[in-house]
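Note sheet for the following structure.
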There are 2 protein chains.
Amino acid sequence: MSRCTQCIIKRFNSLKKLTHDELEKFSDHKTSLLIKKGENLMTEGHTINGLYCVKDGKCKLTKLNTNGKEQIIKFVKGGDILGHRSILSDEPVGLNVTALEDMHVCFIPKGDILDMIRTNSQFSLSLMKNISHQLNEANTSISQMAQKPVKDRLAETLIHLEEIFGVDKEGFIDITLTREEIANTIGTATESAIRLLSNLKKDGVIDLTGKRIRIKEKATLHNISEGY
Amino acid sequence: MSRCTQCIIKRFNSLKKLTHDELEKFSDHKTSLLIKKGENLMTEGHTINGLYCVKDGKCKLTKLNTNGKEQIIKFVKGGDILGHRSILSDEPVGLNVTALEDMHVCFIPKGDILDMIRTNSQFSLSLMKNISHQLNEANTSISQMAQKPVKDRLAETLIHLEEIFGVDKEGFIDITLTREEIANTIGTATESAIRLLSNLKKDGVIDLTGKRIRIKEKATLHNISEGY
DNA sequence: GAATTTTAATGATATTTGTCATGTTTTTGA
DNA sequence: TCAAAAACATGACAAATATCATTAAAATTC
């Protein structure tokens, strides 16, 4: 099995704060796994006993509401880590993590992570920075969900998706989502999301080819996201 | 000036993980301040260089949206700490902190906090736990804002306010908020909040006496919050 | 303590958003 | 490759929520 020391992915997350020897220790205990498209890596309410490092693939982090509706809280791609919030707060997992395409992830046991936090304060600080940043993003999201109309939130989401996943060679946002998933991201009915996307296309702000979305006028989209 | 070692408040937050000597060090550098009702302790976008420990008083944490509307993200009372998210992620403050009544807070410089994180891993873990918990709460909040109707969110908020602030001897929730602040918490128009509160009163679920709110039927309120 | 400002309340109405129904297109899987 | 299922699209309508206008009540200030 490949070694963490050789893995390029660690450069993108808190594991970059570890020394060669520390990484070797992780390598000895880690397991690699493949999560196929549609499968769950973590499930809301369950307990996990370790941290996941996403080598590649894309996933959605969701919450099931009391009314049975799925809310997409966040998208995660290769390079990110998952599960640290749960093991740090010693609470069950708060979100479902579902693969949007096949994913390769590594699992590092909780004990190793906690040991490392005790001995490597740089690692510790990096994890705190990560979660603190996420908390700030979440707070912004609360505000936008509460105050912005659906149209504005859709515009915001499209820009955000392009930022996270980038674009392919033809300029389409490099993620495939159903209209329902887009609706569940912005917190609206699927039909509303479809209608608003159609309008944006009609207005020449975006291109739609099946599930593929290309932003044509980012400035306009940005204005819409701010209510203009 | 009073010493941290003598302060009862530290029992309620991460400072409880510090030894007597460590607290003494904080005491030497800390400053106490009074924030009067209506004044800001922190302002969105500003930089702070330390952590605040709230000795007593209550405050609201808000965000100003691009459309000029205020969103209340969280309520904080004596015992909590503030500003750690910002200094840990090395980002500007993300929220305005406004006193809802006079507050006494202590300020501990960033350098002392960061030093302590490096040397006391229990303190470090406690801070992580705190932020991780907050992140989980924020994610839940996103989901509820996005998916639940205003009425449900109001019911949820009333229960939440009672949990945080408790009740006075007559059973009224021990916090004074304007209708506008309640509206800004649940993310709706002030008129809508007023109407829904009046309905809850008419239905005998709550009592309203001016700004004072008493929950009469918590079970009913809980059902409403889940859409029944 | 009277005047002024802020807050609360409520009706009328407009807008936004959701739901239901229906048909089409695309994707999936035997 | 064809049938079934899922996803997409759109119209018609209903429900939720916001906005505007007005009045009443409460709090603040001079």
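Below, chain A is the first sequence line, B the second, and so on; all start at residue 1.
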Does the side chain of B:C4 come within less than 4.5 Å of B:L15's, by heavy atoms? no
In Å and rounded to the nearest 0.5 Å, what is the OG to CG distance from A:S89 to B:L135? 9.0 Å
Do B:K211 and B:T178 have side-chain heavy atoms sitting under 4.5 Å apart? yes
Using heavy-atom distances to pick each residue's nearest nucleotide on DNA chain D, tell me which of B:K37 and B:L196 is more 5'. B:L196
Do B:N184 and B:T62 have side chains that approach each other closer than 4.5 Å (heavy atoms only, starting at C-beta)? no
So which of residues 140-155 of chain A are in contact with DNA chain C, with a heavy-atom cut-off of under 4.0 Å? A:P149, A:V150
Under 3.5 Å, is there a donor-acceptor pair between the B:T98 and B:N40 side chains? yes
Using heavy atoms and a sub-4.0 Å distance, could you list which residues of residues 183-192 of chain B are near DNA chain D? By number, please. B:T188, B:A189, B:E191, B:S192
What's the CZ-P distance between A:R195 and D:dG11, to the nearest Å? 8 Å
Side-chain contact test, heavy atoms from C-beta onward, threshold under 4.5 Å: evaluate it for B:T188 versus B:L154 and give yes or no. no
Is the closest basic N to carboxylate O distance between B:K110 and B:D90 below 4.0 Å? yes
Please examine the side chains of A:V97 and A:L61, heavy atoms only from C-beta on, and report whether any two atoms are closer than 4.5 Å. yes
Taking A:F107 as the fixed residue, which of A:L82, A:L51, A:N49, A:L41 is the one that meets the side-chain contact (heavy atoms from CB on, under 4.5 Å) rule? A:N49
At what distance, to the nearest 0.5 angstrom, does NZ of A:K30 lie from SG of A:C7? 7.5 Å
pair B:L88-A:I131: side-chain heavy atoms closer than 4.5 Å: no
Which nucleotide of DNA chain C is the first, and which the last, in the 5' to 3' direction, to come under 4.0 Å of a heavy atom belonging to chain A? C:dT17 to C:dC20
Let's see if you get this right: which residues in residues 95-102 of chain A place a heavy atom under 4.0 Å from DNA chain D? none
Listing time: all N or O pairs from protein to nucleotides 2-7 of chain D that are below 3.5 Å?
unit_1	atom_1	unit_2	atom_2	d
D:dA7	O3'	A:K211	NZ	3.3

Quick one, B:K129 with A:E91, criterion salt bridge (Lys or Arg N to Asp or Glu O under 4.0 Å). Give me CA distance, side-chain angles, the key distance, then yes/no. CA-CA 9 Å; B:K129 196 165 178 167; A:E91 294 170 326; over 6 Å; no
Taking the side chain as every heavy atom from C-beta outward, state whether B:K60 and B:E70 have any atom pair closer than 4.5 Å. yes
Of all the base pairs, Watson-Crick or G-U under 3.5 Å, which form stems of three or more consecutive pairs involving DNA chain D? C:1-30 with D:1-30
Check whether any side-chain heavy atom of B:L221 lies under 4.5 Å from a side-chain heavy atom of B:L200, and answer yes or no. yes
